[in-house]
Amino acid sequence: MPGFLRPPVTLAMVLLLWHGAYILMGRQSYLLPSPWQTLETLAARWSTLAPHAGVTIVEILLGLVLGCLLGGGTALLLALFRPVRRWLMPVLVVSQAIPVFAIAPLLVLWLGYGLGSKVAMAMLIIYFPVTAAFFDGLRRTEPGWLDLARVMGGGRLAVLLRIRLPAALPAFASGLRVATAVAPIGAVVGEWVGSSAGLGYLMLQANARMQVPLMFAALLVLAAFSVALYALVDHGLRRLLPWVPDDHREA
Amino acid sequence: MPGFLRPPVTLAMVLLLWHGAYILMGRQSYLLPSPWQTLETLAARWSTLAPHAGVTIVEILLGLVLGCLLGGGTALLLALFRPVRRWLMPVLVVSQAIPVFAIAPLLVLWLGYGLGSKVAMAMLIIYFPVTAAFFDGLRRTEPGWLDLARVMGGGRLAVLLRIRLPAALPAFASGLRVATAVAPIGAVVGEWVGSSAGLGYLMLQANARMQVPLMFAALLVLAAFSVALYALVDHGLRRLLPWVPDDHREA
Amino acid sequence: AEKMTVLLDWFVNPDHAPLVVAKEKGFFADAGLEVELIAPADPNDPPKLVAAGKADVAVGYQPQLHLQAAEGLPLKRIGTLVATPLNSVVTLSDSGIDSLGDLKGKKVGFSVGGFEDALLGTMLADAGLTLKDVELVNVNFALSPALMSGQVDAVIGAFRNFELNQLAIEGRTGVAFYPEEHGVPPYDELILLANAGKLDDARLRPFVEAVERGTHYLVNHPDESWQLFVKAYPDLDDELNKRAWADTLPRFDLTPAALDRGRYERFAAYLKAQGMIDAAPELSTYAVELPIR
Amino acid sequence: MTPDDLGSRTGPLSRPDLPPAGTAPAVTVHAARLEWQGGALFDALDFTMPAGQWTCLLGPSGVGKSTLLRLVAGLAPAHADSRVTCSDGQPLTGRVAYMAQTDLLLPWHTVYANVTLGARLRGEAADRGRALALLDAVGLGDAAGKRPAELSGGMRQRAALVRTLMEDRPVILMDEPFSALDAVARLRLQALAAELLRGRTVLLVTHDPLEALRLGDRVHVLSGRPARLDAPLEPPGAAPRRIDDRRILDLQAELLARLAAAAAETA
Amino acid sequence: MTPDDLGSRTGPLSRPDLPPAGTAPAVTVHAARLEWQGGALFDALDFTMPAGQWTCLLGPSGVGKSTLLRLVAGLAPAHADSRVTCSDGQPLTGRVAYMAQTDLLLPWHTVYANVTLGARLRGEAADRGRALALLDAVGLGDAAGKRPAELSGGMRQRAALVRTLMEDRPVILMDEPFSALDAVARLRLQALAAELLRGRTVLLVTHDPLEALRLGDRVHVLSGRPARLDAPLEPPGAAPRRIDDRRILDLQAELLARLAAAAAETA
Ligand SMILES: Nc1ncnc2c1ncn2[C@@H]1O[C@H](COP(=O)(O)OP(=O)(O)OP(=O)(O)O)[C@@H](O)[C@H]1O
Ligand SMILES: Nc1ncnc2c1ncn2[C@@H]1O[C@H](COP(=O)(O)OP(=O)(O)OP(=O)(O)O)[C@@H](O)[C@H]1O
Ligand SMILES: [Mg+2]
Ligand SMILES: [Mg+2]
């Protein structure tokens, strides 16, 4: 099948599966609306959805960029300073175990109800996957390269930046892929915690008003954006790391 | 500093930081209780907390095991069958973008109010990081090994299991580390979806009842368990993959 | 005894006192019922689950019922727990907001319930303002913290029996504005919902009557019933719940099975006028008085 | 120790189910074509490995020896045009053993598990006795349980050689299999390989002219860009030849001259 | 082309800031001790590299040549006891260039970036002209912009050699630097290295006796377990020597005999 046909066919299959589930659950559209209902709502309410979608997309992108920068920076710090690693790592793990909603009021208190808290939430949710994946990559550097760099008289920082970092880029890319897929949920949870706009807010509202098709229409927009973003990032990463073997590419 | 002193000292530092934040935020314990209040509550309400903690721990462990099995299996499928990869990957990414609360009623409908829906949630939340990390690892196999295996006449499955899988184990370990850190939040979010026991339930309830110190006591138990679990998994993984270079180990 | 699953609207709290008392005093058992009370985390889920047949009875809100009925959920109100609105707009006494008119240009926090804008719009209209004059912010369930920390100037969705006490315990004084005093027709805050297709279920009428017994016991023996409550839920034995308990007592419906048709039709008309629903369905399709069997 | 000392050891190494000399097919690459962005590496190159004989390939570094060997192995890059046929009309797939220029040992396996990899990949039982005997013969008897990271460079290469010999295929392709070995071990292992692979169709890429003349029935020099093959040298006698033979030393001089010419032409 | 053709090319390759012969220190390893789980690799091993001379190290595969070289480089494994001193009393750190047995090229860099890695690691400006001239001299002039994955085995090794020469240090440690090269390139690069590294203290590990005799001022054979060093051979004349010299051929016979003995002893 030619490549350009794949996305529409996938879409069609997902819609069919969805419709199957709808029928299976007894056509109760307040639990799960049918795809057609949802698409109808999507078309009819597009003018409502679009501005909310815009807000969420900005949050996702900002959160993604900041989260990756922060996660990347933390991983570098961890790799560079053994003491930092020993003391910070447990704190990082602990921070992961704290559910967002527990600290949400604090976050909102610090960052307000605007963009800030949502970006922070998206950041927080991708921070650990990025940090852990990248740090793991930094730990696994080919020892021969490190020996060579040592004899060459490279400082800790130079070795980190010129050898360990590029060697860890495939692992970082792996973390980035996860982050890309997870960032949207971060933004939506952020909106749930406190907001006055965004797809997450719209979903909450629609849910409370029992406008379940509208909620699923918002979900659809979110999902479409997520897939597009993931495809973009995946493609970009593969072009940026041409030396990494990838059986995908040969296809 | 001798290694055995590190955990207590870290703990003390976290508590101090916490207390600092408490003072900084104006000693408003409805936002952030002081560590001493929390520890007091922890001691006083231990008999309330313990059974809830037990429930959550079981959920986390089950979710972790099942999520890793499912994620590992999916990654293998994706690596083995190009069509599966092409069609399934977008679906996986979409599935990531769907916030829990949107499908919560569906989950409860299918799995009931008991352990099932919580384990499912913990599973779901770690499923993608594990799948993505492992699949990424499987994609990056040294091409020379694949050439060798091809000439040797290894079938697709044999090459996958005997070469690509072990070669991807470091990446899988990386995903597993993320999963371990994230699984507790999965279980707690699962309890949020609907439950009558568990630390997440206790926290929500305490939160709704403005018993913020109890909420933070539950959080503390959760965090302690998370760190212990992470340390265990990290240590185990390093022992299981002795051939992977690891500058951690030399320390 | 026959098993029955009741989904609460929220975690157990004094609003559920009649149910708790009926259970603890054995009134349900007397009616041949073994009732299990389940707390959800999202108040929107219980009606859906009852509509889907996953539970027998749900605790819901009258305003939501109209929306649910308009969206075609097969639900019927079969009883009332709390017969007055609990919802209110709350500000802090030291905020300088003495009347609804002072809200102009302020931030109002809310926990998404679906019709805050209608409610607040009506109340603001009463003071000569419109919704455009305030900024609405979803603060989820952190109504009091948002208010106390100064993130918002007022909140809507605060329960008068709860948030006011909470503020008082934290040493702050809250001021409440009541919707029914500012142009919103009075309504039942908490009602009991059953699946519209299962009204011939023989357990329903005895269930509502047991709730009625519970309510009466509660009103007659406030202290004994408080003891029952904290014995069943030791976690709730604190100052906040004790105060809320007292404040909630006068608001329980003493005739839970009875349906005030006029009140429901009036509220439906109000929501229609607000544009919240396109058309009000026939009342009997979503609210009934169960016949005696 | 002379190569002849091996005589007594090859008992457990030789296999009764060896293909008798003659069943190993001749292999021909027809009109191979391959372009990298740097230019055409091969253009209409024809190359034949006679049945049951050793063909040695020499040439300047970077001329395309490894690439030609990979073409034969069926590992051609996607943009190469080449057709590989066998004299017996059967496809070559499944009848080749391949030893690459790098050792390609799997770091998570022991040496033993590495040398028996082929069998496990095909779901067959590994011939444990033969593996241990071969490891012993190449001097890795004590290292069977070690991981590749614990081996020296030459030990890794010997392990890769054993892995190739374990494959027991009629066509054998080896890319500089002895380059990391000391002079003594190299002679021993040349003799061992010559004996074990007698009757197979072998392609050996090497940089050592004496090695080529000692083992090869035909010795080619690849040169130029696009690469050309010259008429092969055909050292007399059966491999492994004595390298102090006068005729071999004459051929060596000839071969060195050809290599110098090839170097000048390719640079 | 003979090695002497290089004369005209070394202009841009030689550096005015070269340490004059004699400033390169002698390097001594004292009483080295190292145990792997297999037994003691070294036990009280003393080893000296005379100042400004080439020391060559041969020996059976796996005897410990690479490990000894790594000890000198300061890359001893954690459980090794060894003390390395210089004749001038200064520490050795920062005065060594190291070429490992594998090429250790960074896959994400071009050849040019790989050979100038040292300068960038130290935050110095890379000497672009010298790098390009050296790449040209080893035949990689056209490959400067390629990634390692696009190179043949011998090209990779030459790139690693250039990287080492770019370091321009008084002490040079090279582990089989010419093993993947064809005979012609090998001779050329040996001559190039001999010229560029004149006056440096060089340790060269090799398996090629002629290479050792051509380049080495002292040629050692390492043998046994724990490993011992024999008394060195000292070929007459200045490197690179002509290998058809009668005396060199005599020494080659002697060296081969020593290697055979070492192999028998070490196995
Ligand atoms: N990490 C390790 N663990 C255990 N043994 C090791 C390790 N590294 C090296 N050895 C052992 O040390 C010995 C010497 O290795 P070394 O690489 O120095 O040999 P070499 O003389 O350079 O051989 P070659 O000529 O094959 O390169 C070998 O027997 C090897 O098995
Ligand atoms: N992936 C690639 N992309 C571009 N060029 C490549 C690639 N792989 C190989 N080449 C080029 O093909 C040529 C031949 O490489 P090959 O490995 O066959 O050489 P070789 O004759 O085996 O050399 P050596 O003796 O050094 O191993 C080289 O010039 C190399 O640069
Ligand atoms: Mg090659
Ligand atoms: Mg070595």
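Chain letters run A, B, ... following the sequence lines, proteins first, then strands; residues in each count from 1.
- Sorted by first then second residue, the salt bridge (Lys or Arg N to Asp or Glu O under 4.0 Å) pairs that include residues 175-191 of chain A, not counting sequence neighbours, are Arg177(A)-Asp234(A), Arg177(A)-Asp136(B).
- Under the rule for a ring-ring contact (aromatic ring centres under 6.0 Å, His included), Phe225(A) has no partner lying at least two apart in sequence or in another chain.
- For the atom pair CE (Met215(A)) and CG (Asn44(C)), the distance works out to 9.5 Å, reported to the nearest 0.5 Å.
- Taking a 6.0 Å sphere around CG of Asp94(C), one finds it holds more than 12 heavy atoms contributed by other residues, nucleotides or ligands.
- Between the CG atom in Leu214(A) and the CD atom in Glu71(C) there is a gap of 9.5 Å [rounded to 0.5 Å].
- Contacts with chain A (heavy atom to heavy atom, under 4.5 Å) involve no residue of residues 184-191 of chain C.
- Scanning for salt bridge (charged side-chain N to carboxylate O under 4.0 Å, His left out) contacts around Glu239(C) gives Arg243(C), with sequence neighbours left out.
- What you find for Arg209(A) and Leu67(C) is that their closest heavy atoms are CA-CD1, 3.9 Å.
- Within the 4.5 angstrom heavy-atom criterion, atoms from both the backbone and the side chain of Ala146(C) approach chain A.
- Your options are Ala70(C), Ala51(C), Gly109(C), Ser111(C), and the one with the most heavy-atom pairs under 4.5 Å with chain A is Ala51(C).
- Glu180(C) CD: more than 12 foreign heavy atoms inside a 6.0 Å radius.
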